[in-house]
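Since this is a predicted model, take the numbers as computed values, not measurements. So that the names make sense, note that chain A is the first sequence line, chain B the second, and so on, each numbered from 1.
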Protein chains: 2
Amino acid sequence: MSAAATTRRDIPDASVARLPGYLRALTALARNDIASVSSEELATAAGVSSTMLRKDLSHLGSYGVRGVGYDVERLASEITTALGLTQDWPVAIVGMGNLGRALAAYRGFAERGFRVIALLDGDPRVVGDRVAGDVVRPMRDLPDLVVDHGLAIGVIATPSAGAQEACDDLVEAGVRSVLNFAPAVLSVPDGVVVRTVDLSTELQILAFHGQRVAAPEVVA
Amino acid sequence: MSAAATTRRDIPDASVARLPGYLRALTALARNDIASVSSEELATAAGVSSTMLRKDLSHLGSYGVRGVGYDVERLASEITTALGLTQDWPVAIVGMGNLGRALAAYRGFAERGFRVIALLDGDPRVVGDRVAGDVVRPMRDLPDLVVDHGLAIGVIATPSAGAQEACDDLVEAGVRSVLNFAPAVLSVPDGVVVRTVDLSTELQILAFHGQRVAAPEVVA
DNA sequence: GTGACTTTGTGCAGGGGTTCACAAGAACGT
DNA sequence: ACGTTCTTGTGAACCCCTGCACAAAGTCAC
């Protein structure tokens with residue numbers, strides 16, 4: 001049982017990044033009791049081209065029926081499996097500033113199998129506070145969370161100055177997936193995956209495109 | 001003065017997306033009174049390869065000195081200009097739920113020239129509330145904000161059900177750059193740029209990579 | 001002034017991802 | 001049973017991006 005029960009491994013990164021979008025669109029269809037969907041319709045709902053959708057799905061296997069389309073439930077199930085969402089993923093949020101508190105109060109996690117099992121902060125003055133009904137815990141609780149509760153994903157919502165330290169604590173405790181909201185470059189050992197989401201970066205990219213339209217210019 | 005005073009237009013998207021990172025690293029260097037930096041050092045600080053950094057910068061022009069490196073202040077200034085950050089960018093946040101309130105309280109915007117000039121919500125029961133010292137305004141105020149205050153960027157922090165409507169209101173008022181935090185695909189006319197940041201999507205991508213290491217497998 | 005050294009800027013090759021075009025396969029009407 | 005129609009799955013072309021290798025250009029020591 002080494003390579004049999006596993007999902008396919010050769011899915012391109014760009015494709016993986018789009019699968020959640022497809023899953024979301026499929027879930028919406030299922031809520032409206034729609035049983036079957038064509039690649040064209042699903043692609044429109046997910047905001048991509050139908051060719052790209054089909055190529056992405058082909059990496060998972062052939063789950064469509066030619067001339068008909070895709071079974072909504074079936075395809076949702078396949079994508080769920082491919083993404084590894086059949087199991088629950090325990091999540092811890094580090095850093096109880098404005099953003100951390102907002103994330104702690106956000107209800108959207110549980111919908112998709114992500115369970116926030118702990119809120120932490122490195123500042124002793126914050127530890128013990130109640131946030132969204134939970135008590136804020138100290139960083140030294142991390143190893144136990146990994147061992148006892150299978151903590152797998154850490155969300156960093158600290159100021160950028162403390163992000164690397166928080167990341168190091170997570171990694172040392174055994175967490176191998178990190179979602180970083182601090183505007184900082186985190187260095188981690190091989191095998192640890194970090195995704196950084198930075199508000200300022202996004203706004204600056206928008207500013208670049210904004211000035212392009214603000215100063216229109218013809219080619220010749 | 002049509003094509004002269006404008007910055008270069010042929011910067012690849014992938015390159016533009018990295019410029020904010022370079023700018024952040026340069027700002028940190030300037031804070032430490034470092035006047036000059038090599039591509040190798042700056043690349044490390046920004047988490048990219050030195051070759052890629054130099055290629056990215058070459059799209060802006062030749063602002064380095066061979067054998068020496070880059071002048072920190074000068075390069076920061078050039079990137080600032082290229083991104084269009086010499087001017088202030090008025091921002092409005094739509095949707096005063098948990099995330100919207102956290103964004104409103106976030107202090108990181110002003111640091112980089114983004115000024116939050118209004119908080120809005122479509123729900124009359126929320127309009128008039130005080131959030132982070134500002135009064136929440138109704139959506140119908142949008143056109144005036146664009147005309148009177150040059151509102152250019154809209155941040156959508158509504159539930160996904162209301163995201164498209166909020167987006168339509170923004171676009172109709174004249175906003176052409178949108179940062180969307182709702183898990184939804186927004187359709188907009190040509191000339192409007194939307195960037196979507198979705199927590200669930202990010203977590204699901206991490207889950208995919210997490211299961212890869214959870215079920216290790218050798219090639220042969 | 002000259003040679004050794006350092007670092008930038010870039011032509012070129014390689015790879016990954018997207019799009020195109022079309023073959024393969026399934027349902028349906030007659 | 002057969003042709004028409006529809007839709008998926010995929011080989012191939014194309015394009016953008018990244019990494020390599022190296023020439024160009026500057027500094028420094030003497």
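Between B:Lys55 and B:Ser58, the shortest heavy-atom contact is O-OG, 2.6 Å. Looking at every heavy atom in both residues, A:Val185 comes nearest to B:Gly47 through CG1-CA, 3.9 Å. Contact between A:Ala92 and A:Leu120 at its shortest, heavy atoms only, is CB-CD1, 3.7 Å.
Every residue two or more places apart in sequence or in another chain that forms a salt bridge (Lys or Arg N to Asp or Glu O under 4.0 Å) with B:Arg18 is listed here: B:Asp56. Remark: A:Thr86 pairs with A:Thr80, A:Thr81 by the side chain to side chain contact (heavy atoms under 4.5 Å, CB included) rule, at least two apart or across chains.
Residues of residues 16-32 of chain B that place a heavy atom closer than 4.0 Å to DNA chain C do not occur. Of the residues in residues 36-50 of chain A, those placing a heavy atom less than 4.0 Å from an atom of DNA chain D are A:Ser38, A:Ser39, in numerical order.
Remark: side-chain polar atoms of A:Asp121 are paired, donor with acceptor, to backbone N or O of A:Met96 under 3.5 angstrom. Side chain of A:Gln211 to main chain of B:Ala82: a donor-acceptor pair is present (N/O by atom type, distance under 3.5 Å, no hydrogens or angles).
Straight-line distance from the NE2 atom of B:His59 to the P atom of C:dT8: 17 Å, rounded to whole Å. Going from atom CD of B:Glu78 over to atom C1' of C:dG9 covers 16 Å, rounded to whole Å. The CZ-P distance, from A:Arg54 to C:dT19, rounds to 12 Å in whole Å. Atom-to-atom, CZ of B:Arg74 to P of C:dT8 comes out at 15 Å; the value is rounded to the nearest Å. The separation between B:Leu57 atom CG and C:dT8 atom P is 9 Å, rounded to whole Å. The separation between A:Met52 atom CE and C:dG17 atom P is 10 Å, rounded to whole Å.
Of the candidates B:Leu145, B:Leu170, B:Asp169, B:Val91, B:Val175 forms a side-chain contact (heavy atoms from CB on, under 4.5 Å) with just one, namely B:Leu170. The only member of A:Val72, A:Ile34, A:Asp71 that meets side-chain contact (heavy atoms from CB on, under 4.5 Å) when paired with A:Leu26 is A:Val72.
Where B:Val68 and B:Ser15 each meet DNA chain D at their nearest nucleotide, the meeting point lying more 5' is that of B:Ser15. Along DNA chain D, the nucleotide closest to B:Thr51 and the one closest to B:Arg66 are compared, and the more 5′ of them pairs with B:Thr51. Map B:Lys55 and B:Gly69 each onto its nearest nucleotide of DNA chain C; the residue landing nearer the 5' end is B:Gly69. Residue-to-nucleotide proximity on DNA chain C shows that, of B:Val65 and A:Ala14, the 5′-proximal contact is made by B:Val65.
A:Ser36 OG to A:Leu75 CG: the interatomic distance, rounded to the nearest 0.5 Å, is 10.5 Å.
Within the 4.0 angstrom heavy-atom criterion, only backbone atoms of the sugar-phosphate kind lie near A:Ser62; the bases stay farther away.
Note on residues 194-209 of chain A: pairs passing salt bridge (charged side-chain N to carboxylate O under 4.0 Å, His left out), not counting sequence neighbours, are A:Arg195-B:Glu202, A:Asp198-B:Arg24, A:Glu202-B:Arg195.
The footprint of chain B on DNA chain D, defined by a heavy-atom cutoff below 4.0 Å, extends from D:dC17 to D:dT27.
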